[in-house]
Amino acid sequence: MKIYTVGASEEELARLREFCLKNGWDFVQARRFGRPSRDYPVQKVLDAFRQHKNIRATARLLEISPGTVQRILKKQGVLQERNRKHGAT
């Protein structure tokens, strides 16, 4: 039997770990759900974007998705938020 814990305090985890070991169960502490995040080198993305001035070309060069490039550039303040409704920029 496996017990998964998310967001438990250290005291609760210690008690649960002891209980699991006493009963012969596996104790697995989950970090979080979903796909693990990947860290891309931000400076490489910025340099490639300055060179190409195009999100798709930058994504192709770095072999990552255009959405990832756009997210990184927005976080760094290079791209402005756009309102895509009715073609407004």
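Numbers here are sequence positions counted from 1.
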- Under-4.0 Å salt bridge between Arg50 and Asp47: yes
- Task: Could you pull out all residues at least two apart from Glu63 that satisfy salt bridge (charged side-chain N to carboxylate O under 4.0 Å, His left out)?
- Result: none
- Between CG of Leu61 and NE2 of His52, what distance do you get to the nearest 0.5 Å? 4.5 Å
- Message: Working to the nearest 0.5 angstrom, can you tell me the gap between Ile64 CD1 and Ile72 CD1?
- Response: 5.0 Å
- Message: Once salt bridge (charged side-chain N to carboxylate O under 4.0 Å, His left out) is applied, do any residues pair with Arg56, and if so which ones, sequence neighbours excluded?
- Response: none
- Query: What closest approach, in Å, do Phe49 and Asn54 show between heavy atoms, and which atom pair accounts for it?
  - Reply: CE1-N, 3.8 Å
- Item | side-chain contact (heavy atoms from CB on, under 4.5 Å) partners for Ser65, two or more places apart | Thr68
- Kindly indicate, with the supporting measurements, whether the criterion side chain to side chain contact (heavy atoms under 4.5 Å, CB included) is fulfilled by Leu73 and Thr58. CA-CA 11 Å; Leu73 294 174; Thr58 302; 5.9 Å; no
